[in-house]
Amino acid sequence: MRIGALARATGVSQRLLRYYEEQGLLRPTRQPNGYREYAEADMAAVRRIRTLIQAGLPTAVIAHILACVHDDGTHLIPSTCPGVTNHLRREQARVVDAITQLRTAQQALDELLGGALQLSRHDTAEETRHP
DNA sequence: ATTCTAACA
DNA sequence: TGTTAGGA
């Protein structure tokens, strides 16, 4: 199928489908006229790509593990390729660390603003003059 | 009508 | 990412 059909079938824009190819996530063949020709399997592939992107994985990583994951219709199931599960665990740890850092920043900001409560009227007037 | 590349917003 | 120009 061509890009228009795949876009309608997956709900992903043509622009994005071309971008996925550029990132090495999809490898459609080319028709003699230069048009991209996608395989049936690419519909499922796009679904997996969307899921992995939602999981916060960079496209460079997705390109390597895309074939190591199976979509049962509801969930993505890591499989085959050795080390994939391990890689995903490291990604999971990265997210946990990021959350911890954000919590620390949140706490710092909470305390910072908590101590400035009495000045809120002053700041509000200031911002009104410079919106 | 559909897609392509490149490039700007 | 969306959109658009200029072609095939």
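Note on naming: letters A, B, ... go to the chains in the order of the sequence lines (proteins, then strands), and numbering restarts at 1 for each one. The structure displayed is predicted, hence computed values, not measured ones. The basis for the numbers below is simple: all heavy atoms, side chains too, and nothing from hydrogens, waters or symmetry mates.
Salt-bridge annotation for A:Glu21 and A:Arg30: present, with a side-chain N of the basic residue lying under 4.0 Å from a carboxylate O of the acidic one.
As a whole-Å value, the separation of A:Leu17 CG from B:dT3 P is 11 Å. Atom CD in A:Gln14 sits about 14 Å away from atom P in C:dT1, given to the nearest Å. A straight line from CG of A:Leu16 to P of C:dT3 spans 13 Å, rounded to a whole angstrom. When the P atom of B:dC4 is taken as reference, atom CD1 of A:Ile3 falls 5 Å away, rounded to whole Å. For the pair A:Asn33 CG and B:dA1 C1', the interatomic distance rounds to 13 Å; values are reported in whole Å. The nearest whole Å value for the distance from the CZ atom in A:Arg2 to the P atom in B:dC4 is 9 Å.
For the pair A:Asp97 (side chain) and A:Arg94 (backbone), a donor-acceptor distance under 3.5 Å is absent.
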For nucleotides 6-8 of chain C, list the nitrogen or oxygen atoms of the protein found under 3.5 Å from its nitrogen or oxygen atoms, one pair per line.
none

Check the interface with nucleotides 5-9 of chain B: list each N/O to N/O pair with the protein under 3.5 Å, or write none.
unit_1, atom_1, unit_2, atom_2, d
B:dT5, OP1, A:Arg30, NH1, 3.2
B:dT5, OP1, A:Arg30, NH2, 3.0
B:dT5, OP2, A:Arg36, NH2, 2.2

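A distance of 6.5 Å separates NE2 in A:His70 from CG in A:Asp72, rounded to the nearest 0.5 Å. To the nearest 0.5 angstrom, A:Ile49 atom CD1 is 7.0 Å from A:Ile62 atom CD1.
Here the closest non-hydrogen pair linking A:Leu66 and A:Ala45 is CD1-O, 4.1 Å. The minimum heavy-atom distance linking A:Val46 with A:Leu6 is given by the pair CG2-CD2, 4.3 Å. What you find for A:Gln23 and A:Ala63 is that their closest heavy atoms are O-CB, 4.1 Å. Considering every non-hydrogen atom in both A:Ala9 and A:Met43, the closest pair reads CB-CE, 3.8 Å. Annotation for A:Pro78 and A:Leu88: closest pair CG-CD1, 3.8 Å, computed over non-hydrogen atoms. A:Gln14 and A:Ala7 make their closest contact through CG-CB, 3.9 Å (heavy atoms, listed as atom of the first residue, atom of the second, distance).
Within the structure, the disulfide (SG to SG under 2.5 Å) test picks out no pair touching residues 8-61 of chain A (sequence neighbours left out).
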| said: For Watson-Crick and G-U wobble pairs within 3.5 Å on both distances, what is DNA chain C written in dot-bracket notation, | included for inter-strand pairing? | reply: ||||||.|

| query | After noting the C-alpha distance and the side-chain angles of A:Tyr35 and A:Ile3, does the key distance pass the side-chain contact (heavy atoms from CB on, under 4.5 Å) rule? | reply | CA-CA 8 Å; A:Tyr35 287 10; A:Ile3 195 170; over 6 Å; no

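Here, C:dG6 and B:dT2 have their C1' atoms 15 Å apart, quoted to the whole Å.
A:Arg50 meets the salt bridge (Lys or Arg N to Asp or Glu O under 4.0 Å) test with no other residue; sequence neighbours excluded.
For DNA chain B, no neighbouring residue in residues 39-66 of chain A is found when judged by any heavy atom under 4.0 Å.
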